[in-house]
Number of protein chains: 2
Amino acid sequence: MIAETIFVGTELLLGNIVNTNAAYIASELSGLGIDTYYQTVVGDNKQRLKGVIELALTRSDLVILSGGLGPTQDDITKETAAEVMGRELVLDEESKDRIIAYFEKRGRVMTDNNFKQAMIPEGAIILANDNGTAPGVIIESKDNDVMDKVTKRVVLLPGPPHELEAMFEDKLIPYLQEVNALDKQVFYSRIVKICGRSESEIATILDDLINMNGAVTVAPYAKTCEVHVRVTAKAETIDAAKKLVKPVVNEIKSRLGDSVYTTHEERTLEQTVVDLLVANDLTITTVESCTGGLIAGRLINVPGVSEVYKSGEITYSNKAKRRILGVKKSTLQKHGAVSSQTVKEMCLGAAFFNKADVAVAVSGIAGPDGGTPEKPVGLVYIGVNVCGQVTTAEYHLKGNREKVRNTAVAESLILLRKCILEYYSKKTFGTP
Amino acid sequence: MIAETIFVGTELLLGNIVNTNAAYIASELSGLGIDTYYQTVVGDNKQRLKGVIELALTRSDLVILSGGLGPTQDDITKETAAEVMGRELVLDEESKDRIIAYFEKRGRVMTDNNFKQAMIPEGAIILANDNGTAPGVIIESKDNDVMDKVTKRVVLLPGPPHELEAMFEDKLIPYLQEVNALDKQVFYSRIVKICGRSESEIATILDDLINMNGAVTVAPYAKTCEVHVRVTAKAETIDAAKKLVKPVVNEIKSRLGDSVYTTHEERTLEQTVVDLLVANDLTITTVESCTGGLIAGRLINVPGVSEVYKSGEITYSNKAKRRILGVKKSTLQKHGAVSSQTVKEMCLGAAFFNKADVAVAVSGIAGPDGGTPEKPVGLVYIGVNVCGQVTTAEYHLKGNREKVRNTAVAESLILLRKCILEYYSKKTFGTP
């Protein structure tokens with residue numbers, strides 16, 4: 001079954017709101033193993049909406065519309081969809097009673113146009129709305145050639161996310177699962193998250209996998225200092241699909257080794273770093289200059305980080321680097337604040353001041369000002385101290401101030417992970 | 001001129017990411033007074049993408065595509081658009097050099113498939129990418145009947161938001177403004193940025209302006225703890241448009257008073273706070289618990305912040321609050337870490353430890369764990385110390401851990417601005 005989604009609302013075309021419903025429905029459908037090839041946004045305009053629905057029906061079996069079910073004049077989705085499907089709108093008594101009850105319960109004044117929401121295309125399946133007044137609707141069209149075989153489905157859902165999501169989960173998913181069962185197609189996907197390698201590098205290493213034609217698809221997506229590779233398979237059962245995905249994920253992991261930091265959708269790089277610290281019973285501190293708190297900000301977004309993170313500093317001025325972290329005046333004078341010597345002393349002083357096992361220190365020139373020919377904007381030094389073993393690295397980052405800072409944060413997390421892994425692998429082999 | 005946008009990427013169809021580019025481009029276009037009737041999302045599939053572009057060209061004059069300009073096999077936007085427009089791809093030496101320089105500067109491994117990004121449709125206008133490797137492209141097609149009159153325009157932009165937004169603002173808007181000018185229509189818009197008031201409150205106060213029909217449009221956009229009101233006018237000359245916009249902007253400012261923090265597109269709330277500090281010759285420090293560095297992170301995104309920001313701390317544990325900031329053990333025992341008493345002592349101690357005039361302190365329960373019936377998830381206290389005058393405020397914030405933290409950061413900046421303004425207005429009136 002091929003699905004396609006249509007989002008109705010001029011506010012989307014004006015950019016007044018972000019279309020989060022599109023991502024929500026898309027991930028729910030792919031979770032159900034239903035392919036979606038198109039998403040369309042159209043305004044509250046009958047002629048254009050009609051054209052979009054008609055086009056969708058020529059290329060998809062399941063057309064899901066969201067928005068335009070409200071009581072006002074410019075809510076035209078239901079009328080338009082009914083017209084395309086050749087149905088009359090008839091008053092649904094149950095929906096009418098639900099609407100009356102909804103207003104009574106909230107002691108709110110009800111206007112006649114609210115009854116507009118109780119008008120339903122004849123023969124449609126009604127999805128009761130437990131969080132609002134507009135009921136959802138499923139219109140099934142049967143192919144006359146094939147007796148009683150439903151060939152096209154049009155689903156109308158309300159626009160407000162909390163109404164749409166509740167209705168989708170409670171009412172629509174059970175319906176779609178039944179339909180799907182008849183289709184005998186399931187779809188399963190895993191993500192492989194990689195850090196410290198470019199998308200083109202990954203694409204070269206995985207070229208044969210990305211270009212293999214078959215039941216398994218491999219697609220890389222570039223993120224800031226990360227590449228996420230999605231491996232997807234379609235089969236008759238979920239187990240069969242998993243059997244197809246597993247060897248490909250393992251092959252990718254074996255080719256990319258330590259660069260792979262997780263194969264779990266919801267796990268982030270900062271989560272991986274925090275887990276490494278917890279697993280090795282280490283505490284961590286951060287001392288930041290140009291990134292000014294953003295590394296701590298990402299680490300502290302991990303629930304339960306309090307176990308490993310106690311305190312950290314933003315040492316933006318040279319004075320602060322000396323006073324709080326004990327960076328030597330001579331070091332700052334000889335090498336400057338943006339130097340590997342300074343970040344080395346910063347992460348040594350940080351571990352001491354904060355009584356932490358691991359420390360990360362960053363100093364760089366984020367721009368737009370402050371750059372020199374020897375030390376241009378984008379030059380960043382990161383130092384990592386794991387139980388006294390210090391590693392420093394130099395980076396030349398591109399982009400505006402915000403981009404340079406966010407990239408420096410990502411590189412810091414990557415270097416942290418690398419240094420902790422190396423420290424323990426060395427320890428295992430007995431080398432100090 | 002009618003525009004239409006197309007977003008290319010299977011990750012959008014799978015719901016892996018939310019299509020924020022759609023809202024960004026939509027609001028920019030409406031700001032320019034360019035109508036958009038359709039937005040389409042399509043996957044990395046040549047045949048389907050081709051069909052979408054061809055359809056768009058039948059109903060729109062300007063077709064803007066985003067995504068699929070990367071170096072990998074499944075990045076097919078440029079090839080497909082060139083095919084539809086009947087152009088060959090030719091190597092652009094300048095783009096090639098930019099890509100080589102980009103990799104050299106970052107000391108990263110470059111692979112041959114990166115040169116794919118330097119292949120440009122012949123005769124196209126190139127939009128240099130200052131934040132990545134994929135250049136943007138404008139393909140103009142001339143109508144043979146009307147000598148040299150450009151009738152259709154296809155614009156290709158990169159997918160990563162920071163690359164797309166920078167390119168749109170710096171390169172595409174000037175081009176579109178010229179095109180608009182040829183249409184004998186000039187659009188001018190100003191933004192009024194408001195903090196500390198809800199969108200519905202603003203909508204009520206500005207109801208008559210928002211609903212007036214004429215050459216001037218007033219549209220509010222909700223942001224985190226902010227509302228941005230865009231005032232746009234259409235006229236034959238830029239001066240005529242400015243004359244229409246100015247009185248409306250002034251009317252909005254007079255109705256909303258101090259809640260308006262700027263009427264400049266590029267100015268942020270943190271910029272406004274930093275400017276207030278500079279103007280009053282004050283230094284500032286930040287001490288953060290649940291926001292863990294994000295307030296400092298936003299302040300330090302302001303170029304030249306070094307003048308007012310020297311250092312700050314993340315005091316996540318109670319020990320750190322006591323050791324670094326001198327919060328009393330009895331205070332933590334009696335009132336807890338999340339209390340107005342604790343943030344009061346935090347911002348007093350912070351100013352002392354960091355030798356700063358102004359200090360902001362935050363302590364709260366970001367969740368998902370750590371909530372109790374008395375102190376539920378979302379409870380946040382913020383303290384602001386302006387030259388010894390301390391203000392504390394209690395907040396009950398909604399959403400997940402990330403949302404609670406980001407809202408707390410925004411509220412902190414708003415309270416900072418309010419307290420500094422009040423401190424000086426009081427001083428002017430001679431009250432301590």
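Residue numbers start from 1 in every chain, and the chains themselves are labelled A, B, ... in the order their sequence lines are given, proteins ahead of strands.
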Quiz item: What do the steps show when you test B/N131 against A/K398 for side chain to side chain contact (heavy atoms under 4.5 Å, CB included), and what is the final call?
Solution: CA-CA 6 Å; B/N131 301 287; A/K398 204 93 162 37; over 6 Å; no
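- Only the side chain of A/K403 has a heavy atom closer than 4.5 Å to any heavy atom of chain B.
- When heavy atoms are compared at a cutoff of 4.5 Å, A/V409 does not approach chain B at all.
- We find the CD1-CG distance between B/I25 and A/L13 to be 13.0 Å, quoted to the nearest 0.5 Å.
- Here the CD1-CD distance, from A/I324 to B/E313, works out to 5.0 Å after rounding to the nearest 0.5 Å.
- Between atom CD of residue A/E402 and atom CG of residue B/N301 there is a gap of 5.0 Å, rounded to the nearest 0.5 Å.
- At a 4.5 Å heavy-atom cutoff, A/N406 makes no contact with chain B through either its backbone or its side chain.
- Proximity to chain B (any heavy atom under 4.5 Å) is shown, for A/K321, by neither the backbone nor the side chain.
- The contact between B/V52 and chain A is made entirely by side chain atoms (from C-beta outward), counting heavy-atom distances below 4.5 Å.
- For A/I17, the part sitting under 4.5 Å from any heavy atom of chain B is the backbone (N, CA, C, O) and nothing else.
- Between chain B and the options A/T36, A/I295, A/I191, the largest number of non-hydrogen pairs under 4.5 Å is found for A/T36.
- Of the atoms belonging to A/V8, not a single heavy atom falls under 4.5 Å from chain B.
- Using a 4.5 Å cut-off between heavy atoms, A/Y24 does not touch chain B at all.
- Only the backbone of A/T315 has a heavy atom closer than 4.5 Å to any heavy atom of chain B.
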Quiz item: What's the verdict on side chain to side chain contact (heavy atoms under 4.5 Å, CB included) for A/Y221 and B/L14, showing C-alpha distance, side-chain angles and the deciding distance?
Solution: CA-CA 12 Å; A/Y221 305 111; B/L14 290 172; 4.3 Å; yes
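- Remark: the backbone N or O of B/I300 is paired with a side-chain donor or acceptor of A/R401 at under 3.5 angstrom.
- Proximity to chain B (any heavy atom under 4.5 Å) is shown, for A/N16, by both the backbone and the side chain.
- Within the 3.5 Å criterion, the main-chain N or O of A/L12 finds a donor-acceptor partner in the side chain of B/Q39.
- Between B/Y316 and A/Y309, the ring planes lie perpendicular to each other; the angle is over 60°, past the 30° to 60° tilted range.
- Rounding to the nearest 0.5 angstrom, the gap separating the OH atom in A/Y38 from the CG atom in B/N45 is 7.0 Å.
- Although no hydrogens or angles enter the test, the distance criterion places a donor-acceptor pair under 3.5 Å between the side chain of B/R405 and the main chain of A/G297.
- Taking CZ of B/F115 as the reference point, atom OG of A/S200 lies at 10.5 Å (rounded to 0.5 Å).
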Exercise. Determine, stepwise, if the pair A/R323 / B/N354 fulfils side chain to side chain contact (heavy atoms under 4.5 Å, CB included).
Key: CA-CA 10 Å; A/R323 182 171 60 84; B/N354 295 291; 4.0 Å; yes
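- Only the side chain of A/R230 comes within contact range of chain B, judged by heavy atoms closer than 4.5 Å.
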